[in-house]
Amino acid sequence: MRLLLTLLCIISFTFTNAQSNTDIANVYLRRAKEAVETNVNYKEALVQFEKALKYVDSISDKNLATLASSIYYENYQFQTTDKEKIAFLKNSETYSRRYFVLEQDNTAEGYTKNLESLILIQESIESLETKLKKEEEQRLRREKASKKIDSLKSLWNQKSESLSINVDKIYNFNTNNVALFKKDGNFGVIDDRGRIIVAATDYKDAISSEGFILLKNKKVNPDQIYSFNTNNKKGFVLPNVTEFNPLATDYGQVMLPRGNGWVVTYPDNSFEPLVYDLKDQKIIKIPNEEDLLKSLKKEDVVDRFNKDSEVKINKVWYQFGGHLGGGVYSLYSEDSYKVRSFLFSTNKEIISADAGFEYIGAYYKETFQAIKKGKVIWINPEGVKVSDVKDGYKKYSGDSKVVQLASGTYQIIRNEVIVLGDKELEKLSDFLRKHKKN
């Protein structure tokens with residue numbers, strides 16, 4: 001008996017609850033219908049209809065099916081994305097098809113109208129799905145193109161890196177399209193297509209002047225010098241300084257090479273400067289010193305001289321140090337390898353090293369480089385200071401531009417093309433334009 005009462009209570013509760021859910025759903029459905037018919041407010045109708053769906057499993061009335069279909073159809077255009085719009089349209093289609101399940105009579109009132117609505121819904125779905133498909137195809141194409149561009153960029157970066165020059169600095173190119181460069185504290189020579197002409201391995205200092213480059217193994221008192229003629233692109237190591245003087249151990253002070261190829265250095269343990277012709281690769285010596293001294297005595301430039309290359313000028317004896325060109329001669333003391341004075345034969349002037357010039361370079365185009373109190377000046381054959389000589393080889397007229405990258409390496413750009421020797425690489429935008437169609 002107790003079991004029977006329990007079953008009756010359960011059945012009664014279930015029936016009551018089901019009846020209650022139906023009543024609630026009907027209230028919401030009525031509100032949805034009123035929102036459409038009275039206010040033409042499909043947004044509010046959707047809110048009420050979806051509340052009703054929480055209380056019923058399905059729509060069993062054909063008119064409600066038509067209402068539900070129209071509610072979703074009218075609301076699909078308010079959705080943000082095409083996918084959301086399609087979802088609403090498919091809900092509309094579902095309820096439209098539900099109408100035809102509930103209404104089998106094709107002559108019934110509303111049948112044709114619902115059929116037209118169903119076709120419109122399906123066409124709308126098809127249109128949006130076609131649009132989405134095209135957009136997806138475009139997205140895939142863009143993605144493919146983007147991947148190809150990324151791949152091309154990576155390839156370009158690899159090529160660009162292979163055309164980079166890993167050095168510390170590249171100096172300005174000269175008229176002959178070559179420049180000094182520095183790597184790991186050493187100097188070398190490079191051309192304006194990035195070809196290494198002289199490797200930077202042995203030379204710690206460099207001088208570039210009037211078409212010639214001198215590479216020195218030491219900044220001060222070098223004992224090895226490499227000469228490079230930028231005019232003919234040929235280079236050589238100067239002979240060991242002992243070939244000039246067996247007692248010398250280094251070249252001492254090295255002056256600027258001049259446009260005629262002459263350079264002057266002041267080796268240690270020597271009573272004369274070394275004058276060297278870089279073009280003919282030979283030491284410049286006075287062919288007959290005795291004849292020269294006789295000529296100087298005859299012109300009253302010197303008072304006396306002897307077979308030991310000593311000259312007497314104004315009651316003072318000097319060690320005759322040889323000719324620098326342009327009628328200028330170096331004079332030493334008998335007890336010192338340091339230049340004591342310079343003799344300017346043109347005006348018979350003697351200027352001491354202490355008060356005047358410490359060193360004088362080679363003669364070329366009426367000028368000498370001189371060092372006075374540690375500073376470079378320029379003088380004429382009378383020892384008079386003149387305007388600084390401009391190096392005519394400094395002006396570069398080529399197309400190459402040296403660019404330092406963020407990595408610290410360098411590249412040479414010619415007409416917006418990266419060059420290295422015979423290899424070339426167009427700029428990234430041109431490279432992408434050229435290859436992305438392939």
Side-chain angles (χ1 to χ4, degrees), residues 137-215 226-235 257 259 390-438:
E137 289 172 350
Q138 290 174 353
R139 186 191 68 79
L140 291 174
R141 281 196 296 270
R142 286 195 300 269
E143 186 178 281
K144 184 179 180 181
S146 178
K147 287 181 179 179
K148 184 170 184 178
I149 289 174
D150 289 343
S151 178
L152 288 173
K153 284 182 178 179
S154 177
L155 178 60
W156 185 90
N157 285 329
Q158 292 174 16
K159 288 179 177 289
S160 174
E161 186 176 351
S162 71
L163 299 183
S164 298
I165 306 168
N166 186 18
V167 297
D168 299 328
K169 185 172 182 178
I170 298 177
Y171 295 83
N172 295 330
F173 294 113
N174 72 0
T175 299
N176 292 322
N177 307 328
V178 299
L180 288 167
F181 74 94
K182 192 174 185 180
K183 182 178 181 180
D184 300 330
N186 297 310
F187 285 87
V189 181
I190 190 171
D191 71 10
D192 64 350
R193 286 193 68 91
R195 288 180 284 241
I196 304 297
I197 301 173
V198 182
T201 54
D202 302 314
Y203 301 103
K204 305 295 182 183
D205 192 37
I207 301 172
S208 178
S209 177
E210 299 187 45
F212 292 88
I213 292 173
L214 298 180
L215 303 176
Y226 182 91
S227 171
F228 183 76
N229 186 339
T230 69
N231 296 292
N232 59 18
K233 308 297 190 297
K234 294 181 179 180
K390 294 183 179 180
D391 186 351
Y393 284 79
K394 280 191 173 181
K395 188 174 181 180
Y396 173 68
S397 58
D399 300 322
S400 293
K401 295 180 181 180
V402 177
V403 177
Q404 186 174 22
L405 307 180
S407 62
T409 60
Y410 288 83
Q411 285 184 337
I412 294 178
I413 312 297
R414 299 188 75 168
N415 301 317
E416 299 189 338
V417 175
I418 303 170
V419 300
L420 184 61
D422 296 329
K423 298 179 180 178
E424 295 186 348
L425 176 66
E426 60 266 69
K427 63 182 180 180
L428 179 58
S429 58
D430 291 341
F431 181 83
L432 294 177
R433 192 180 301 111
K434 177 180 177 181
H435 292 88
K436 69 181 181 180
K437 294 180 180 179
N438 297 337

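Numbers for residues simply follow the sequence, beginning at 1.
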*Hey, does the side chain of Ser400 reach the backbone of Arg414 with a donor-acceptor pair shorter than 3.5 angstrom?*
no

*For the pair Thr175 (side chain) and Tyr393 (backbone), establish whether a donor and an acceptor sit closer than 3.5 Å, ignoring hydrogens and angles.*
yes

*Might you confirm whether atom CD of Gln404 has over 12 heavy atoms from other residues, nucleotides or ligands at distances under 6.0 Å?*
yes

*Quick one: pull up CD in Gln138 and CG in Leu140 and give me the separation to the nearest 0.5 Å.*
10.5 Å

*Minimum heavy-atom distance Ser209-Pro257, with the two atoms named*: OG-O, 3.2 Å

*Considering all heavy atoms, the nearest Glu426-Val417 contact*: N-CG1, 4.2 Å

*With a 4.5 Å heavy-atom cut-off, do Asn186 and Tyr203 have their side chains touching?*
no

*May I ask you to test the Val189-Leu215 pair for a side-chain heavy-atom distance under 4.5 Å?*
yes

*Student check: side-chain heavy atoms of Phe187 and Tyr226 closer than 4.5 Å*: no

_Would the distance check show the side chain of Asn166 and the main-chain N or O of Thr409 forming a donor-acceptor pair, the cut-off being under 3.5 Å?_
no

*Atom CG of Asn172: over 12 foreign heavy atoms under 6.0 Å*: no

*Just by distance, do the side chain of Ser162 and the backbone of Lys159 share a donor-acceptor pair under 3.5 Å?*
yes

*Taking atom CD1 of Ile213 and atom OG1 of Thr230, what is their separation to the nearest 0.5 Å?*
6.0 Å

_side-chain contact (heavy atoms from CB on, under 4.5 Å) evaluation trace for Glu424 with Arg193_ = CA-CA 10 Å; Glu424 295 186 348; Arg193 286 193 68 91; 3.3 Å; yes

_Rounded distance [0.5 Å steps], CD1 in Ile418 versus CG in Leu163_ = 6.0 Å

*Between His435 and Trp156, is any pair of side-chain heavy atoms under 4.5 Å apart?*
no

*Counting only heavy atoms not in Lys233, do more than 12 fall under 6.0 Å of its NZ?*
yes

*Please check if the side chain of Gln411 supplies one atom and the backbone of Leu405 the other of a donor-acceptor pair under 3.5 Å.*
no

*Do Arg195 and Asp422 touch side chain to side chain, with heavy atoms closer than 4.5 Å?*
yes

_In the structure I gave you, are the side-chain heavy atoms of Tyr410 and Val167 within less than 4.5 Å of one another anywhere?_
yes

*Quick one: closest heavy-atom pair of Ile197 and Val178, and the distance?*
CD1-CG1, 3.8 Å

*What distance do Phe212 atom CZ and Phe228 atom CZ have between them, rounded to the nearest 0.5 Å?*
11.0 Å

*Using side-chain hydrogen bond (donor to acceptor under 3.5 Å, both in side chains) as the criterion, point out the one residue from Asp192, Asn176, Asn177 that pairs with Tyr396.*
Asp192

_Closest non-hydrogen atom pair, Lys204 against Gly185_ = CD-O, 3.7 Å

_Gap separating the CG atom of Leu420 from the CG atom of Leu425, nearest 0.5 angstrom_ = 11.0 Å

*Please name the pair of heavy atoms, one in Ile190 and one in Phe173, separated by the smallest distance, quoted to 0.1 Å.*
O-CE2, 4.1 Å

*asked:* Using every non-hydrogen atom in the two residues, find where Leu180 and Ser208 come nearest and quote the distance to one decimal.
replied: CD1-CB, 4.0 Å

*What distance do Lys147 atom NZ and Leu152 atom CG have between them, rounded to the nearest 0.5 Å?*
14.5 Å

*Short N-O contact, Asp430 and Arg433, less than 4.0 angstrom*: yes

